[in-house]
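As structure tokens, the structure follows; a few thoughts come after it.
Counting starts at 1 for both ligands and their atoms, in listed order.
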Amino acid sequence: NLTPINNSFHTTTPSRFSIRSNSLSKMAATKDYRLLCLENPLLDIQAFGDEALLEKYGLKANDAILAEEKHQGLFEDLLQNYDAKLIAGGAAQNTARGAQYLLPPNSVVYLGGVGDDKYAAILHDAVKQAGLRVEYRVDPKISTGRCGVVITGHNRSMCTELGAANHYDLEHLKKPEVWSLVENAEVYYVGGYHFTVCPPAIMELAKQAASGNKPFILSLSAPFICQFFKEPLDASAPYWDYVIGNEGEAAAYAESHGLNTTDVKEIAKALANLPKENTQRKRVAIITQGTEPTIVAIQGEDEVKEYPVHSIDPAKINDTNGAGDAFAGGFAAGVVEGKSIEESIHMGQWLAKLSIQELGPSYPFPKQAY
Ligand code: 26A
């Protein structure tokens, strides 16, 4: 009972330009698919869990890891014993849906690898609702990736089996119909989780950005990326125009890179001032800290700024899974629209606040106006 899916969700070639303005006198033409995102499409199998469940699989309350042999039973356990929900996930795919939430129709395209199965069909439905265009590499033999998400209080423990997402490759990126989207894009967003999959694809996007003086945004994604994927991460660093992380990722970066500090502002400064390929743009480092203020350091500037998050009644929080992805989505939408850093941070915080009121990395529909 597998639902057949198309390789691409769009069956017709979208027009390259569309008229955005309501006013005919303005007639402002804006390109389609200005933001291109890359990472690992996953289906989240998410449930509210407990200490016993975390202990059974050796999971930390707040973490993101790759599944090992000992985690094999987790997915079934969540589905059968914890009333798990199937929710579209994959960190950068959540970000891409989030950016599209704030941008005009046909603004965002997302690349990654899936299987030809019912899980991929669920992802297709979710991105369709969000108006996100996807160009998936469809693997005929390997299942769509899954992420077991155990929620305990405001913590989330994620355990990922990448499946078909692990088979994304340069060949797909270089297919003429995909590569033309890459060339057409004006802003690039890469989720750091993709360093576990295909660093050469990341480097292709990074170089494409720098050579055209277009912004390249990287999310650090998880502490283990900073620790165990240091080499490909560092190779991409000169191309980061914006680097986004949370306090845990910042700490892991500092430790693995011998920064000798645990001060988030100092770490942000160090990230902002790493050597840079495209000297036409100053690098901006953004560190989120949950309900604490967002930290922003700009290359060459002494002052590190703080932006308090938008307050929310704790009773309204459903779960915080995907809050960081939503922040990045709102922020990336700001970059696409050429907003100031302050405004882009505001957009990120606004979208994160909406997302934590939903179950999983989701956004409210019908859409709320920014
Ligand atoms: C390679 N890994 C571990 C991953 C992920 C991931 N997305 C891509 N690659 N591990 C967890 N996620 C996603 O993070 C989102 C929350 O920030 C989950 O799918 C979840 O939707």
(request) Run the numbers for me: atoms of ligand 1, each under 4.0 Å from some heavy atom of Asn40, listed by number. (result) 1 (C), 8 (C), 9 (N)

(message) The test is salt bridge (Lys or Arg N to Asp or Glu O under 4.0 Å); show your working for Lys85 and Asp44 and say whether it passes.
(response) CA-CA 8 Å; Lys85 301 282 181 284; Asp44 287 354; over 6 Å; no

(message) For Tyr33, does the six-membered ring have the charged nitrogen or CZ of Arg133 within the cation-pi criterion, i.e. under 6.0 angstrom from the centroid and within 45° of the normal?
(response) yes

(request) Provide the number and element of each atom of ligand 1 under 4.0 Å from a heavy atom of Met158. (result) 11 (C), 14 (O), 15 (C), 16 (C), 18 (C), 20 (C)

(request) May I ask you to identify, for Val197, whether its side chain, its backbone, both or neither come under 4.0 Å of ligand 1 on a heavy-atom basis? (result) neither

(message) Are Phe365 and Ile122 connected into the same hydrophobic cluster when the rule is that any two of I, L, V, M, F, W, Y join if their side-chain heavy atoms are below 4.5 Å apart?
(response) no

(request) Check each of Ile287, Val309, Asn246 against Thr294 using the side chain to side chain contact (heavy atoms under 4.5 Å, CB included) test, and report the only one that passes. (result) Val309

(request) Give the residue and atom name of whichever protein heavy atom lies nearest to atom 5 (C) of ligand 1, and the separation in Å to one decimal. (result) Thr160 OG1, 3.5 Å

(request) Let me know which of Lys174, Arg137, Lys175 forms a salt bridge (Lys or Arg N to Asp or Glu O under 4.0 Å) with Asp169. (result) Arg137

(request) Kindly give the heavy-atom pair with the smallest separation between Phe75 and Gly148, and that separation in Å. (result) CE2-N, 3.3 Å

(request) Tell me which protein heavy atom sits closest to atom 2 (N) of ligand 1, plus the residue, atom name and distance to 0.1 Å. (result) Tyr193 CD2, 3.3 Å

(message) Quick check on Ala64 - does any of its heavy atoms sit under 4.0 Å from an atom of ligand 1?
(response) no

(message) Are any of the N/O atoms on Asp44, whether in the backbone or the side chain, positioned under 3.5 angstrom from an N/O atom of ligand 1?
(response) yes

(request) Say whether Pro361 and ligand 1 are in contact under the criterion: heavy-atom distance to a ligand atom below 4.0 Å. (result) yes

(request) Report the part of Asn321 in contact with ligand 1, treating N, CA, C, O as backbone and CB onward as side chain, heavy atoms under 4.0 Å; options are side chain, backbone, both, neither. (result) side chain

(message) Test of understanding: given a 4.0 Å heavy-atom threshold, classify the contact between Glu39 and ligand 1 as side chain, backbone, both, or neither.
(response) side chain

(request) Using distance alone, decide if ligand 1 has a nitrogen or oxygen within less than 3.5 Å of any nitrogen or oxygen in Ala91. (result) yes

(message) For Lys56, give me all partners under salt bridge (charged side-chain N to carboxylate O under 4.0 Å, His left out), at least two apart in sequence or on another chain.
(response) Asp77

(message) Please list, in number order, the atoms of ligand 1 under 4.0 Å from a heavy atom of Leu66.
(response) 1 (C), 3 (C)

(message) Determine whether Lys276 and Asp241 satisfy the following criterion, salt bridge (Lys or Arg N to Asp or Glu O under 4.0 Å), listing intermediate values before the conclusion.
(response) CA-CA 8 Å; Lys276 196 159 182 306; Asp241 292 295; 2.6 Å; yes

(request) Mark up the atoms of ligand 1 that fall under 4.0 Å of a heavy atom belonging to Asp325, in ascending order. (result) 15 (C), 16 (C), 17 (O)

(request) Examine Gly90 against ligand 1 and note whether any of their N/O atoms are separated by less than 3.5 Å. (result) yes

(message) With heavy-atom distances below 4.0 Å as the criterion, list the atoms of ligand 1 near Gly89.
(response) 19 (O), 21 (O)

(message) Heavy-atom distances under 4.0 Å decide this one: backbone, side chain, both or neither, for Asn94 against ligand 1?
(response) side chain

(message) With a 4.5 Å cut-off on side-chain heavy atoms, are Ile286 and Phe327 touching?
(response) yes

(message) Using side-chain heavy atoms (C-beta onward) and a distance below 4.5 Å, is Tyr193 in contact with Thr160?
(response) no

(request) Could you list the atoms of ligand 1 found under 4.0 angstrom from a heavy atom of Cys147? (result) 11 (C), 18 (C), 19 (O)

